[in-house]
Amino acid sequence: MCGISGTPQPKILTNWDLDKLLKSVDYINLFGFVGGEPLLNNDLNKMVSYACKQRKIKHVFIATNCTIIPNEKLLKALINKKVGVQISN
């Protein structure tokens with residue numbers, strides 16, 4: 001998510017992007033939030049909750065190094081049988 005000055009910033013996934021993707025597939029077995037540190041995104045709780053509500057998505061995961069403690073909103077979003085968290089070093 002962080003970039004060097006003058007470097008294009010990565011595009012953030014929106015609900016519309018996810019809806020468009022889901023229209024083009026039968027299902028997604030594993031949908032993940034990775035790259036950089038997903039916990040830096042203040043809207044991650046909303047994105048995880050939205051992904052979990054989609055019937056075509058079987059599993060949702062977050063890959064994190066856990067250097068940032070999840071906020072309360074994200075912790076509530078993680079309480080879902082579809083969600084897994086991968087902690088890397």
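Since the model is a prediction, treat every value here as computed from it, not as a measurement.
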Contacts table for residues 78-87: side-chain donor-acceptor under 3.5 angstrom, sequence neighbours left out:
residue, atom, partner, partner atom, Å
Asn80, OD1, Lys82, N, 2.8
Lys82, NZ, Cys52, O, 2.9
Lys82, NZ, Gln54, O, 2.8
Lys82, NZ, Ile57, O, 2.6

Check: Looking at Val60 and Ala51, what are the two nearest heavy atoms and their distance?
Finding: CG2-CB, 4.0 Å
Notebook entry, point to check: What about Leu21 and Val34, same hydrophobic cluster or not, with Ile/Leu/Val/Met/Phe/Trp/Tyr joined at side-chain heavy-atom distances under 4.5 Å?
Noted result: no
Check: Any chance CD1 of Ile69 has more than 12 other-residue heavy atoms, nucleotides or ligands included, within less than 6.0 Å?
Finding: no
Notebook entry, point to check: Can you pull the salt bridge (charged side-chain N to carboxylate O under 4.0 Å, His left out) pairs that have at least one residue in residues 42-60, sequence neighbours excluded?
Noted result: Asp43-Lys46
Check: Which pairs pass side chain to side chain donor-acceptor pair (under 3.5 Å) with one or both residues in residues 64-79, sequence neighbours excluded?
Finding: Glu37-Thr64, Asn65-Thr67
Checklist line | ring pair (Phe, Tyr, Trp, His ring centres under 6.0 Å) partners of Tyr50, counting only residues at least two apart | finding: none
Notebook entry, point to check: Can you name the nearest heavy-atom pair linking Leu39 to Ile68, along with the distance?
Noted result: CD1-O, 3.2 Å
Note to self: If the condition is ring pair (Phe, Tyr, Trp, His ring centres under 6.0 Å), which residues does Phe61 pass it with, not counting sequence neighbours?
What the structure shows: none
Check: Residues sharing Trp16's hydrophobic cluster, by side-chain heavy-atom contacts under 4.5 Å among ILVMFWY, directly or via others?
Finding: none
Next item on the list: Measure the spacing between OG of Ser24 and CG of Asp19 and express it to the nearest 0.5 Å.
Entry: 11.0 Å
Item checked: Connected-component partners of Tyr27 among ILVMFWY, side-chain separation under 4.5 Å -> none
Next item on the list: Go through the steps for Phe33 and Asn41 under the test side chain to side chain contact (heavy atoms under 4.5 Å, CB included), then give the verdict.
Entry: CA-CA 10 Å; Phe33 296 94; Asn41 188 316; over 6 Å; no
Item checked: Asn42 atom CG, neighbour heavy-atom count above 12 within 6.0 Å -> no
Checklist line | Between CG on residue Asp17 and CE on residue Met47, distance to nearest 0.5 Å | finding: 11.0 Å
